[in-house]
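Structure, as C-alpha cells:
When a ligand or atom number is given, it counts from 1 through the structure's own listing order. Positions are given from 1, in the same order as the sequence printed here.
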Amino acid sequence: MDKLVIEGGVPLTGVIPVSGSKNAALPILFASILMDEPVTFTNVPDLRDIHTTIRLLTMLGCACEFSNGTVVMTPGALKPEAPYDLVRTMRASVLCLGPLLARLGEATVALPGGCAIGARPVDQHLKGLEKMGASFDLNAGNIIGRCRRLTGAHISFDMPTVGGTENLLMAAALADGETILENAAREPEIVDLANFLNACGARISGQGTSCIRIQGVSRLGGTTYAIMPDRIEAGTFLVAAGITDGELLVKDCPWDALEAVIRKLQSMGMHLERTPEGVLARRAGRTLNAVDIQTRPYPGFPTDMQAQIMALMCLAEDTSMVEESIFENRFMHVSELMRMGANIKLSGRSAMVHGVRQLTGAPVMASDLRASASLVLAGLAARGTTHVRRIYHLDRGYENIEHKLNAVGARIRREQE
Ligand code: UD1
C-alpha cells in the first residue's frame, strides 16, 4: 500500500493547474449509456474512479477508450448488469440505474460502496424512478429494476440529493413526456451534466435551480464535450496557499462555483484575486482569523471542502466552529489532525477548532477522500515529517497530487509500505 511522506514547512509558490472535475465526469460518463452515437469527452481527470467507470461502462456495452484526458465512447449492444466487483468500490456506480432503465427497461446494480461517510442511502433515486414507472426488488445485495417504458413524472425530492438528481435527470432525458424535478440539487456538476445532455439533443431547462424540467426525447448522441474544472481540487489548492503562507496561481479555478468557499477564505484573512488565468491566492496579512461554517447543499458551503478548511482553521487565531449537516460521521480527520497537534473538540455534528501556533508532523491515517486531502494540507504546514497512510482514498479524487504540489515547492514522496 502506498503512503505519502511530507516534509512540511515550505511555502508553496507558483502556478498550479486544476484538473477536470471527478464529480462532473462520473455522471457525464454514465450518461454514455443513453447514447446511440459515439461521444468524445475531454478534460477527463486520470483517476481511479474514472478508470473504474470506464471498465464498468465497457462491460455494459459502451466501449470507452481513455487517453491523455480524452475518453472516446463507442456505443454497442447494452447489457443490464453492473457487476458487484466493480460497483462495490465506487458509490457513483448507482448512476447507471436510471440510464439502463431508460434504454433497456431493466437493470441489476449491486448496492454501492465507496467512501465510508455515514449511511448514504439511495431511497430517493428509487422513489423517483418508481414514480416514472419502474419497480424494484432487492436480491442478494443487488437492486433489480424493471419497467415497460419510463414515463415523465412530477417528482419532489425529500432532500436535495446530487446523485438522485443526476440519476433522474438521465432517466427522464429518454422517458416519454415531461418530468419535473422539484427540490432538485443545484450543484454546478448537475448543470454540467444537463448541459452535456442538451448538447446530445436532450431538452432540459432549469438546471442550477431547484426545479428542473425535462422533456423526454427519443434518442441522444454524437457530441464532443469538455468536463468542467474540479471546484473541490481548486478549493484544496487555495487552502494550500493559505496554510503554507505561500502564493499560488490556481489555474482554471472556477470562481463562481466556489463562491461560498472563497467568501469564507476571505473572512479567514486570505487575499483571493480573480485573474484571466485563474485565482491568485495568498494570505492578506500574517495571521488567519477564525470563522464558522455549516455545510449545506449548493450554493452553501460544500461538505467536500469541510475537512480541508478545518486544517486551515487549526492554525487560525481564536476558535472556529464547523457544523456538518450533510453527512454524519464525516469527522474522521479530526483525531488524525489532533495527532499533529490540533486542538479540536467534537460534539455530535459539530467541531470546535481552537487555533494553535503550529502543527507538527506525525504518522496519520487517511479515512476518506477529503479527509486525506486535509491531512496532506496539514502535513504541508507542519514542522517535521508527516506520513499519510491509506492514500488510495486520495488517489480516487486528486489527479497527480504529489506531482502538482511538488512543482510549486512541496516536498512529498510516495513510498510503498
Ligand atoms: C455527491 C458527491 C459527494 C458529495 C455529495 C454532497 C459525487 C460522485 N459525489 O454524493 O462528493 O459529498 O454529493 O455534496 O458527485 N440521501 C438520502 N437518500 C438518497 C440520496 C441521498 O437520504 O437517496 C442523503 C445522503 O445520505 C446525504 C444527503 O442526502 O445525507 C446528500 O447526499 P447526495 O447529495 O445524494 O450525495 P452523493 O450524490 O452521494
Side-chain angles (χ1 to χ4, degrees), residues 20-31 45 47-50 52-53 56 87 89-98 109 111-131 136 143 145 155-171 181 183-194 210 227-228 230-233 235-236 257-258 260-261 293-309 323-333 349 368-374 393-394 396-398:
S21 160
K22 168 179 88 80
N23 284 356
L26 293 175
I28 289 175
L29 286 171
F30 276 113
L47 298 171
R48 220 184 66 200
D49 279 4
I50 297 292
T52 306
T53 303
L56 183 51
V87 171
T89 61
M90 196 184 61
R91 204 190 133 70
S93 324
V94 74
L95 292 175
C96 60
L97 200 56
V109 181
L111 273 172
C115 276
I117 44 171
R120 302 185 83 171
V122 290
D123 58 302
Q124 299 296 306
H125 304 230
L126 304 186
K127 263 166 77 178
L129 290 166
E130 276 171 352
K131 270 205 128 179
F136 293 99
I143 305 169
I155 294 157
S156 182
F157 292 104
D158 295 341
M159 80 283 290
T161 146
V162 175
T165 304
E166 291 166 347
N167 229 339
L168 289 170
L169 197 59
M170 290 189 276
L181 302 179
N183 200 20
R186 300 169 56 188
E187 269 67 4
E189 292 76 15
I190 289 169
V191 176
D192 213 29
L193 171 64
S210 52
I227 308 291
M228 67 175 283
D230 196 309
R231 65 191 167 106
I232 305 301
E233 187 198 24
T236 304
L258 259 177
V261 173
I293 64 155
Q294 295 176 318
T295 62
R296 289 272 183 266
Y298 191 85
F301 192 94
T303 173
D304 285 352
M305 276 300 297
Q306 179 257 104
Q308 299 92 315
I309 201 164
E323 190 193 320
E324 173 56 61
S325 62
I326 309 288
F327 293 115
E328 75 242 43
N329 203 13
R330 205 178 205 181
F331 278 138
M332 285 177 293
H333 43 287
R349 287 186 165 216
D368 67 48
L369 171 52
R370 306 306 169 185
S372 322
S374 139
H393 292 293
L394 194 69
R396 288 186 41 222
Y398 288 88

Any Ala185 heavy atom less than 4.0 Å from ligand 1: no
With a cutoff of 4.0 Å, is Arg296 in contact with ligand 1, counting heavy atoms of the residue only? no
Would you mind telling me if ligand 1 is within reach of the side chain of [X], the backbone, both or neither, using heavy atoms under 4.0 Å?
X      : result
Met159 : side chain
Tyr298 : neither
Glu189 : neither
Lys127 : neither

Which atoms of ligand 1 have any heavy atom of [X] under 4.0 Å away?
X      : answer
His125 : 23 (O)
Gln124 : 18 (N), 19 (C), 23 (O)
Arg91  : 39 (O)
Thr303 : 6 (C), 12 (O), 14 (O)
Gly163 : 35 (O), 38 (O)
Ile326 : 27 (C), 30 (O), 31 (C)

Output yes when a side-chain donor or acceptor of Gln124 lies under 3.5 Å from a complementary backbone atom of Asp158, and no otherwise. yes
Under the 3.5 angstrom rule, does the side chain of Asp304 hit a backbone N or O of Ile232 as a donor-acceptor pair? no
What do you reckon, does [X] have a nitrogen or oxygen under 3.5 Å from a nitrogen or oxygen of ligand 1?
X      : answer
Leu26  : no
Asp123 : yes
Lys22  : no
Asn23  : yes
Phe327 : no
Gly164 : no

Gap separating the CZ atom of Phe30 from the CG atom of Leu97, nearest 0.5 angstrom: 11.0 Å
First locate atom SG of Cys96, then atom CG of Leu29, and finally report the distance between them rounded to the nearest 0.5 Å. 12.5 Å
Can you spot which of Glu233, Lys22, Arg370, His393 makes a side-chain hydrogen bond (donor to acceptor under 3.5 Å, both in side chains) with Tyr398? Arg370
Considering only residues two or more places apart or on different chains, which pairs with a residue in residues 159-168 satisfy side-chain hydrogen bond (donor to acceptor under 3.5 Å, both in side chains)? His125-Asn167
With sequence neighbours left out, what residues match Arg349 under salt bridge (Lys or Arg N to Asp or Glu O under 4.0 Å)? Glu328
Distance only, no hydrogens: is a donor on one side chain within 3.5 Å (strictly under) of an acceptor on the other, for Ser325 and Gln294? no
Closest non-hydrogen atoms of Pro45 and Ala25, given as atom of the first, atom of the second and distance, are CD-CB, 4.1 Å
